[in-house]
Each structure stands twice: as C-alpha cells, then as structure tokens.
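Numbering of residues begins at 1 and proceeds along the displayed sequence. Because the structure is predicted, anything quoted here is derived from the model rather than measured. Read the numbers this way: they start at 1 and go in the same order the structure lists the ligands and their atoms.
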Amino acid sequence: MVKAVRVPRKKGEDMRRRLSSSGLLDEAYFPLHDEEYVYLPVKGKVPRHTLVEVDARRRAVRKGFREMLSGIAGKGAGRIFSSYDVVGDIAVLEVPEELKGRGREIAEALLSSDRKIKAVLGKESGMEGEYRIRKFAFLAGERRTETAYFEHGVRMRLDLAKVYFSPRLSHERGRIASQVGPGENVLVMFAGVGPFALVVAKRRKDAKVYGIELNPDAVRYFEENIRLNRMEGRVEAILGDVRKVVPERFLGVADRVLMPLPKNAEDFLDVALLAAKKGGIIHFYTFVNRAEGNGAAEKKALGAGRKAGRKIEILGSREVRPFSPSTVQVVVDFRAV
Ligand SMILES: C[S@@+](CC[C@H](N)C(=O)[O-])C[C@H]1O[C@@H](n2cnc3c(N)ncnc32)[C@H](O)[C@@H]1O
C-alpha cells in the first residue's frame with residue numbers, strides 16, 4: 001500500500017502537475033482512479049491534504065533504480081530518489097556529502113534503469129552568481145550538459161552548465177499562461193532560455209511576448225527556441241539588463257510583467273512598476289521564511305507600490321515550491337493601478 005492524495009477527477013491533472021513540480025509526486029507508482037476521484041501516489045506529507053492508502057501498481061522503470069539505490073545508499077536512498085530531476089535526457093542528482101564516494105555507482109544505477117536517460121550529472125553547487133548557474137560533475141553516461149526539453153507543447157534546447165533552468169516550475173508556467181488575456185503585451189523580465197515566454201505564447205497566439213535576459217548564452221538558446229517553436233514575430237528575446245532595457249523600450253506598455261528571479265526580484269519591483277501600464281498585472285516571485293508566510297511577500301509588493309506612488313491591489317499569493325526546510329518560494333500576483 002502507498003500513500004496518495006485523493007482529488008476529484010476534474011482536478012486530477014492540475015494536482016498531478018503541482019505535485020510533480022514540487023517533487024512530491026511518487027512516480028514510481030501508477031496513479032489510480034474510480035468514478036469520482038483520482039489517487040496520486042506521493043512521497044511525503046502534502047500541505048492541506050489528508051492522505052489515503054491505496055494499492056497502486058509500481059512502474060517497472062523506477063522500480064529498478066529505487067531497489068539498486070537502497071542497496072548502494074541505504075538510509076540515504078529516499079532523499080536521493082525524491083530529489084533528482086530529469087531535464088530532457090539528462091538526470092541531475094544531488095548526492096549527499098556522506099555518499100559522495102559512491103556518486104558514480106548511483107548514477108550508473110539510474111542510467112541502467114531508465115533508457116530515456118543518456119547522461120547523469122551531480123550537483124556541485126547551488127545556483128550561483130548573476131546568471132543563477134549551477135556547477136556540475138559528470139557522473140555517468142555521455143559527457144554533455146546540452147539537452148532538449150518538452151513542456152506544455154513547447155520544445156526547448158538548453159545547456160544546464162551555461163543557463164538557469166528548472167523543470168519544477170512547469171506548473172507555474174502553465175498557471176501564468178492560463179491567465180493571459182486576448183492581445184496582451186507580456187513582458188518577462190529575467191527570461192532565461194524563454195520557458196515562461198514560450199509557454200505563454202503557445203497558449204495565447206494573439207499575445208505579444210518580450211523576454212529580457214542578461215546571460216548571452218541564455219539569449220542564444222532563447223532565440224533558437226523561438227525558431228524551434230515557430231514563434232518569430234510573436235516572441236522577442238532581448239539581451240540586456242532589465243534596469244536599462246525597460247526605461248528605453250517598455251515604459252508603461254505592459255499588460256503583464258513576470259519577475260521570475262526569486263533571489264532578488266524585490267530589488268527590481270520599481271522597474272516592473274515602470275513597465276506595467278495602469279491596471280497592469282505583475283507576478284512577483286520571492287523567497288520567504290516559511291514561518292512568516294505569504295504575507296511577508298505581499299508586504300514587499302505593497303512597499304514598492306508606496307515608493308512608486310502606485311496603488312497596489314493584491315490579487316493573490318501562493319507557494320510555488322519548497323526551497324529548503326525553512327524557506328519557500330512564493331508568487332504574489334498584483335495589479336498596479
Ligand atoms: C532564476 S533565473 C530564471 C530564468 C527563466 N525565467 C526560467 O524560469 O528558466 C533568472 C534569470 O535572470 C537573469 N538576470 C539576472 N539579473 C538580470 C537583470 N538585471 N536583467 C536581466 N536578466 C537578469 C539571469 O541571468 C537568469 O537567467
């Protein structure tokens with residue numbers, strides 16, 4: 001028997017994406033359903049949901065890795081299994097300090113258990129510097145960091161060693177795209193290789209989407225991804241610093257501004273307010289202490305509004321994903337009047 005979240009069938013897909021992007025979905029098992037509900041196997045507690053026990057069938061692919069992992073890593077297996085990501089055909093593992101000597105063995109086990117995975121990388125640092133890039137070690141398989149990733153009907157190429165990318169934000173990208181109205185001008189600050197911009201443009205064919213990004217490698221991939229998805233003319237990738245580009249090109253023109261730089265987006269709220277037209281919506285991402293809650297994030301938005309002399313209407317705020325035991329990433333959606 002495994003623990004699962006039970007949700008009405010029509011909410012099943014939404015919940016599956018949310019659990020997957022927060023790393024809680026236990027993909028070692030198939031989901032179950034009856035006439036009314038879907039039962040999604042999970043790896044641990046899910047905030048605001050009571051778990052039920054279900055007799056879910058194991059997927060053959062992951063079974064192999066989990067079993068091999070228990071043999072190699074003992075008690076550390078659960079942590080490794082629940083924290084690895086797959087981006088395209090590359091798996092990214094976080095090997096705990098005490099198991100560092102066995103990283104290659106763990107990676108070989110993963111490689112042999114899933115034929116889709118062609119390379120396994122180990123995290124060697126957190127997201128660092130202005131470009132938010134991680135250092136990796138090659139653990140197994142092909143020695144490359146470039147891959148192709150598919151999400152919400154959008155294909156993207158990217159190099160994990162040269163640009164920021166997280167598959168865990170997939171649900172959030174879908175959530176934002178579903179809110180964009182007809183003919184909107186959407187400005188994605190901190191655009192990376194373009195995932196938010198491209199997912200918005202895929203869903204909203206009549207929107208004009210602009211993405212500003214500082215990292216030249218990311219902009220190169222962003223431009224390639226626009227071509228790959230045949231979105232030339234609807235999506236524009238702009239190389240530069242938002243603090244310089246916004247005053248030059250985007251004063252008061254955006255119906256919607258996205259700020260996916262949780263580490264210090266608050267330092268750029270003044271820039272987002274410059275870009276947002278009267279009544280424009282801003283999606284502000286930030287980290288808060290779990291104990292302080294979303295209110296702390298909303299306060300940052302309200303403070304920036306006061307400074308800029310703009311009235312702020314908070315439309316909502318929610319946890320995007322857990323970041324560490326004490327910190328969560330939160331998004332505040334607000335209107336600048
Ligand atoms: C956390 S990443 C998000 C990337 C992308 N939106 C995504 O979700 O994959 C933040 C990005 O902002 C870029 N960045 C940081 N400061 C910037 C600035 N002042 N102007 C433009 N881009 C900036 C970094 O290079 C990085 O690619």
* Restricting to pairs with a member in residues 178-195, which pass side-chain hydrogen bond (donor to acceptor under 3.5 Å, both in side chains), not counting sequence neighbours? -> Glu184-Arg256

* Asked: Can you list the other members of the hydrophobic cluster that holds Ile281, where links are side-chain heavy atoms under 4.5 angstrom apart?
  ->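 Members alongside Ile281: Leu315.
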
* Is there a side-chain contact between Tyr39 and Asp34, using heavy atoms and a 4.5 Å cut-off? ->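 Of all side-chain heavy-atom pairs linking Asp34 with Tyr39, at least one is under 4.5 Å.
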
* Look at the rings of Tyr285 and Phe196 and say which category their plane angle falls in: under 30° parallel, 30 to 60° tilted, over 60° perpendicular. => tilted

* **Partner set under ring-ring contact (aromatic ring centres under 6.0 Å, His included) for Tyr37, not counting sequence neighbours** =>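 Testing Tyr37 for ring-ring contact (aromatic ring centres under 6.0 Å, His included), a comparison that skips the adjacent residues, returns none.
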
* **ILVMFWY network linking Ile176 to Ile282, side-chain heavy atoms under 4.5 angstrom** =>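 Different clusters.
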
Which pairs of N or O atoms, one from ligand 1 and one from the protein, are separated by less than 3.5 Å, and what is the distance for each pair?
unit_1, atom_1, unit_2, atom_2, d
ligand 1, 6 (N), Phe190, O, 2.8
ligand 1, 19 (N), Asp241, OD1, 3.0
ligand 1, 20 (N), Val242, N, 3.0
ligand 1, 22 (N), Leu214, N, 3.2
ligand 1, 25 (O), Glu213, OE2, 2.6
ligand 1, 27 (O), Glu213, OE1, 2.8
ligand 1, 27 (O), Glu213, OE2, 3.1

